[in-house]
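All chains are named by letter (A, B, ...) in the order of the sequence lines, taking the proteins before the strands, and each is independently numbered beginning at 1.
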Number of protein chains: 2
Amino acid sequence: MSDVHETGPQLSRGEFGLLILALLGRREMYGYEIVAELRRASEGDIDLPEGTVYPALRRLERDGLIGGHWVDVGSGAPRRRYYRLTSDGERALADGRTDWLRFKTAADAVLGG
Amino acid sequence: MSDVHETGPQLSRGEFGLLILALLGRREMYGYEIVAELRRASEGDIDLPEGTVYPALRRLERDGLIGGHWVDVGSGAPRRRYYRLTSDGERALADGRTDWLRFKTAADAVLGG
DNA sequence: CTCCTGTACCTAGAGACCCTAGGTACAGAC
DNA sequence: GTCTGTACCTAGGGTCTCTAGGTACAGGAG
């Protein structure tokens, strides 16, 4: 039952981690950008506060699913920590998508009727 | 942002509570039956252990979304606690369905492309 | 000059949730 | 006599999410 990273049997834990992986699957991004991009891509329906995203990024990095590196933008602007998927992360993303599809189908079967 | 019952802005917390509400929206059920029915209705993909379901039922009852009553089945069989939706529960279920739809759409937008 | 907003990072702590791993009790099957 | 099934329950650990802050610098408004 492929999970994002050591969650329970279902998807509910670490669900937001999967969304972050999905964004990073498109291109490298940094934390602050992820918050904004998540909001944009979901048309405002997913609005994770920084206090959720930064710890999530640390967990994902700790678990080896993403790798981060500092980038100096220069001229007094705060430096950014860019993240990209590792190969483990790519696998976790693929598995997570499968899990999400399965969970969605299952939940719809229960919720639908 | 109608939530199931005091969760955060999103759906991830108390998600399973919503599934339980959905089952109880069909008919009265008792805990042990809910575990089995959830598994059946989702074709095995949602398999909540009793240690998840019973506390969830207590929370839902505490929050006034469901009401429970004991039923004696007789002849030495263990008695059952049947639950049904309250009117608050019906509302929470309707809201929860809306939230689920929105979250699903938003997550697909992020995951899909 | 001061204040406010924006960028970009971070943490501590509270609260909630999920699961493991048990336990109780009785009945019927083998 | 033990095992499986029904039906309930809880304690405790681990995890996650969010609130509510904090740091630092830059640029614009007034």
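For residues 51-70 of chain B, there are no ring pair (Phe, Tyr, Trp, His ring centres under 6.0 Å) pairs, not counting sequence neighbours.
We find that CZ of A/Phe103 is positioned 10 Å from P of C/dC18, with the value rounded to whole Å. The interatomic distance linking A/Asp63 (CG) with D/dC16 (C1') rounds to 13 Å, in whole Å. In this structure, A/Glu15 places its CD atom 18 Å from P of D/dT15, rounding to the nearest Å. In this structure, the CZ atom of B/Arg39 is 13 Å from the C1' atom of D/dG5, given to the nearest Å. The distance from atom CG of B/Asp47 to atom C1' of C/dT20 is 14 Å, rounded to the nearest whole Å. For A/Leu48 and C/dC10, the CG to P distance is 16 Å, given to the nearest whole Å. Here the P atom of nucleotide D/dA26 and the CG atom of A/Asp72 are 12 Å apart, to the nearest Å. Atom CZ of B/Arg59 is separated from atom C1' of C/dG15 by 12 Å (rounded to the nearest Å).
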Determine all donor-acceptor pairs shorter than 3.5 Å in which one atom belongs to a side chain in residues 29-38 of chain A; sequence neighbours excluded.
unit_1  : atom_1 : unit_2  : atom_2 : d
A/Glu33 : OE1    : A/Tyr30 : N      : 3.3
A/Glu33 : OE2    : A/Arg27 : NH1    : 2.8
A/Glu37 : OE1    : A/Arg40 : NE     : 3.3
A/Glu37 : OE2    : A/Arg40 : NH2    : 2.9

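The residue A/Gly51 sits close to a base: some heavy atom pair falls under 4.0 Å.
For B/Arg58, the salt bridge (charged side-chain N to carboxylate O under 4.0 Å, His left out) criterion is met by no residue, not counting sequence neighbours. The salt bridge (charged side-chain N to carboxylate O under 4.0 Å, His left out) search around B/Arg79 returns none, not counting sequence neighbours. Remark: A/Arg81 engages A/Glu61 in a salt bridge (charged side-chain N to carboxylate O under 4.0 Å, His left out) (not counting sequence neighbours).
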Determine, for nucleotides 1-9 of chain C in 5'-to-3' order, which nucleotides have protein heavy atoms under 4.0 Å from the base (write B), from only the sugar-phosphate (write S), or from neither (write -).
------BBB
Decide yes or no on side chain to side chain contact (heavy atoms under 4.5 Å, CB included) for B/Leu93 and B/Leu18, but give the supporting numbers first.
CA-CA 7 Å; B/Leu93 174 55; B/Leu18 177 59; 3.9 Å; yes
